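In each ligand, atom 1 is the first atom listed, and ligand 1 is the first ligand listed. Predicted, not measured: the structure shown is a model, and the values here were computed from it.
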Amino acid sequence: MKDRFYITTPIYYVNAAPHIGHAYTTIVADVMARFHHINGEETYFLTGTDEHGDKIVEAAEKAGETPQAYTDRISQLFRELWPKLNIGNNDFIRTTEPRHKKVVQEILQKIKDKDDIYFSEYEGRYCFGCERFITERELVEGKCPDHQVEPTIIKESNYFFRMSKYQDWLIEHIQKNPDFIRPERYKNEVLSFLKEPLEDLCISRPKTRLTWGIDLPFNNQYVTYVWFDALINYLSGLGYPDGELYKKFWPVAQHLIAKDILKPHGIYWPCMLKSAGIEPFQHLNVHGYWKFNEGKMSKSLGNVVKPLDMADLYGLDAFRYFLLREMVFGLDAEFSESALVGRINADLANDIGNLASRSLSMANKFFKGEIAGPGPMRELDQGLKRDALELINQYVTFMEKISFHKALIAVWELINKLNKYIDTTAPWVLAKSDPEYLKTVIYVLLEIQKIISVLVWPFMPAAAEKLQASLGLERIGRDLKIQDIAQWGRFSPIKIMTHAPHLFPRVEQKLTETGDAKKDKISIEAEEKSKITYQEFAKLDLRVGTVKEAEAVPKSKKLIKLKVDIGEERTVLAGILNHYNPQDLIGRQVILVANLEPATLMGIESQGMVLAAEDETGIHALMPDKPTKPGSKVK
Ligand code: MSP
């Protein structure tokens, strides 16, 4: 393990407002920085905006503003968004700042002095979207595959960087450092590109064509080409060449990008560094693309997902969790609100949310706020302790290997084991039969949740801190390190808060199909809503029913399939298998919501819902106290 960590995001173009793609990269960088922080490392996290070039001038013209006024305004949108997404960047760099321009000129001069920059006439295919010349073999049906436009042929005299000189060195460096570009598919993509001879890189534009750039120090009739300007932010942001930050953090630099800008980062950037006599970065971490309705998200297609809308609607932590859990780092993923709602209800409200509220309300009820320590530990409890301590190692390995979804899956396996542990040990029964062992069960539940709260903190800082406060931890959030919780029992006795936390409300979704567009329109309501009117209540058709048949649904852990007589026969699924033996239900009466839209679960259509109450002792179906005629209305 290193003791320092430096992470960068791409600096985003200011030709459009931030969308979910920018938010994803920046949230991943934040999760990484937070993880390395609680792993005991000193961290530095840089993001910013890329403000020069043709694209920006064009966008400013469209907006009727000067490039400076326009870039000031859009850059501010990015700067202000990040705190709202709980992003803890240490600095925000703009390429129009003097501190950046100075470093770009210094590096240009250094490379020029080394004779790695020359002047020449060139004719090539230029893609304004990519802001670079592209080669013939990159074209798909004559167009740039990323921007779907035919490149423009440009012939002019310009300055070139002798990139070809570094091709062999780069191939060797990548082969010697297998994690230099990761995941592996992107390393292979770069290596396959490097099989063909590299062309030198055009790094300038004549001022007759573009003025919105950084002057070349050796010819002020030219400005530098956009990538040569932009990539250097990773150094200027640290105060290269003499800054303390540069000395401390450059040796551990890691970049985070999506696959769209792999070539400039995987090829141009290491060659530029090599030529300037600067050590290469440690890792280039490359992720896939978020798609929407199986297509690319783009402003012109009007399908841009706005990150703040999502965070406002569903909760910031839930949104952050979803992005990191849903996308396998390196592969593309489809953004869908219904998948987001599904994860909120299953993973958050149900799994971690229920675990916290059930165990803390039992702890309060049985121990009035203080748990001295475990009673006797049985094999079951020892096993969970081992699993929890083992999870810490697994988690650290996954996080270091940028396998965020795997880290989360591992944490959730333990969360689910703990939920099962509550069901099998039934603390509400132990309260009467075995109070000493009850101490153990509650202690194990809380001690392991301390570990869980720390491991989920990088992803969901606010919810994790709420849980940590409920668990009575004196140090929370940034102040609580992985090493602390790796020592079992370090924070005993456990003093818990008097109320159980409510971490994630359930979210309801109604999916309506609009025309032929398969776009789901979702309206959501938080579970804890305000009062309803009598008319709203009267819409519910509640009926008494007699259970005629009951059997467990094959392969389901929770569901019982009931045939219920409410004057007519209804098939109903009820998630009560952990609490009732199906045979015992036959002949008993239940209350059914009879006008609920049918829903299909495990291939069975459920035509209603059985009403039940839940407390820490389990689920209790509501039943009339005297035999009642099937089909009677409940008022
Ligand atoms: N300005 C350059 C980067 C210079 S870095 C020295 C640039 N800017 S950009 O605004 O186009 O940002 C591209 C980056 O935004 C991607 O690499 C990725 O980090 C993020 N994303 C933009 N759209 C995305 C998706 N649909 N999905 C995932 N991330 C994407 O390129």
Side-chain angles (χ1 to χ4, degrees), residues 7-30 32 46-56 59 71 74-75 77-78 81-82 85 87 92-96 100 103-104 107 127-132 144 146-147 186 213-214 224-237 253-270 272-273 281 284-301 303-307 310 323-324 326-336 402:
I7 189 72
T8 66
T9 71
I11 45 170
Y12 303 110
Y13 285 132
V14 288
N15 61 345
H19 65 61
I20 196 168
H22 309 121
Y24 173 73
T25 313
T26 315
I27 291 172
V28 172
D30 185 63
M32 291 173 82
L46 181 70
T47 186
T49 43
D50 186 356
E51 307 188 3
H52 290 127
D54 300 287
K55 275 206 243 203
I56 311 298
T71 50
I74 308 284
S75 175
L77 291 181
F78 282 90
L81 172 65
W82 302 138
L85 298 181
I87 301 295
F92 185 97
I93 186 147
R94 300 180 57 186
T95 52
T96 47
H100 173 71
V103 176
V104 171
I107 289 180
C127 172
F128 284 89
C130 296
E131 297 270 26
R132 62 185 178 90
C144 160
D146 282 341
H147 297 95
Y186 296 110
I214 300 176
T224 188
Y225 173 84
V226 71
W227 281 104
F228 221 89
D229 165 6
L231 288 161
I232 289 174
N233 91 87
Y234 302 136
L235 296 171
S236 60
Q254 296 202 27
H255 303 306
L256 183 64
I257 58 164
K259 61 183 186 181
D260 55 337
I261 49 179
L262 175 61
K263 231 162 266 165
H265 283 81
I267 297 175
Y268 308 173
W269 183 224
M272 285 164 63
L273 289 166
F281 49 84
L284 177 63
N285 305 303
V286 189
H287 64 76
Y289 248 59
W290 282 100
K291 306 262 172 97
F292 196 72
N293 286 340
E294 286 159 22
K296 209 176 155 181
M297 219 180 282
S298 88
K299 209 170 116 188
S300 52
L301 292 174
N303 60 358
V304 170
V305 179
K306 294 195 185 133
M310 293 295 106
L323 292 179
L324 273 287
E326 196 72 5
M327 183 176 256
V328 175
F329 192 91
L331 303 182
D332 291 348
E334 172 76 15
F335 186 84
S336 123
I402 56 170

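Using a 4.0 angstrom heavy-atom cutoff, Y24 does not count as in contact with ligand 1. Heavy-atom distances between K291 and ligand 1 stay at or above 4.0 Å for every pair.
Between A258 and ligand 1, at least one N/O pair is under 3.5 Å apart. Of the polar atoms of W290, at least one N or O is found under 3.5 Å from an N or O of ligand 1, judged by distance alone. In terms of polar-atom proximity, defined here as any N/O pair under 3.5 Å, I11 does make such a contact with ligand 1.
When heavy-atom distances to ligand 1 are checked against a 4.0 Å cut-off, K259 has no atom that comes that close, whether in backbone or side chain. Within the 4.0 Å heavy-atom criterion, the part of H287 lying near ligand 1 is the side chain and not the backbone. Residue W227 touches ligand 1 through its side chain alone, judged by heavy-atom distances below 4.0 Å.
Across A29 and I7, no two heavy atoms sit closer than the pair O-CG2, 4.0 Å.
With 3.5 Å as the limit, one finds no donor-acceptor pair spanning the side chains of W290 and H19. Defined by atom type and a distance below 3.5 Å, a donor-acceptor pair is present between the side-chain atoms of Y12 and T26. With 3.5 Å as the limit, one finds a donor-acceptor pair spanning the side chains of T25 and H287. Side chains of Y289 and D260: a donor on one and an acceptor on the other come within 3.5 Å. Between the side chains of T8 and H255, at least one donor-acceptor pair of N or O atoms lies under 3.5 Å.
Within the listing of ligand 1, atoms 28 (C) sit less than 4.0 angstrom from a heavy atom of G288. Atoms of ligand 1 found under 4.0 Å from any heavy atom of D50 (numbered from 1 in listed order, with element): 1 (N), 2 (C), 4 (C). Using a 4.0 Å cut-off to heavy atoms of T25, the atoms of ligand 1 that qualify are 18 (C), 19 (O), 20 (C). Below 4.0 Å from some heavy atom of A230 lie the following atoms of ligand 1, by number and element: 6 (C). Of all atoms in ligand 1, numbered sequentially from 1 with element shown, those under 4.0 Å from a heavy atom of Y234 are 5 (S), 6 (C). Within the listing of ligand 1, atoms 13 (C), 16 (C), 17 (O) sit less than 4.0 angstrom from a heavy atom of D260.
H265 and Y234 have tilted rings, their planes meeting at an angle from 30° to 60° on a 0 to 90° scale. Between Y268 and W227, the two ring planes are perpendicular [angle over 60°; tilted spans 30° to 60°].
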Can you list the steps and then say if E51 with R94 is a salt bridge (charged side-chain N to carboxylate O under 4.0 Å, His left out)?
CA-CA 7 Å; E51 307 188 3; R94 300 180 57 186; 2.6 Å; yes
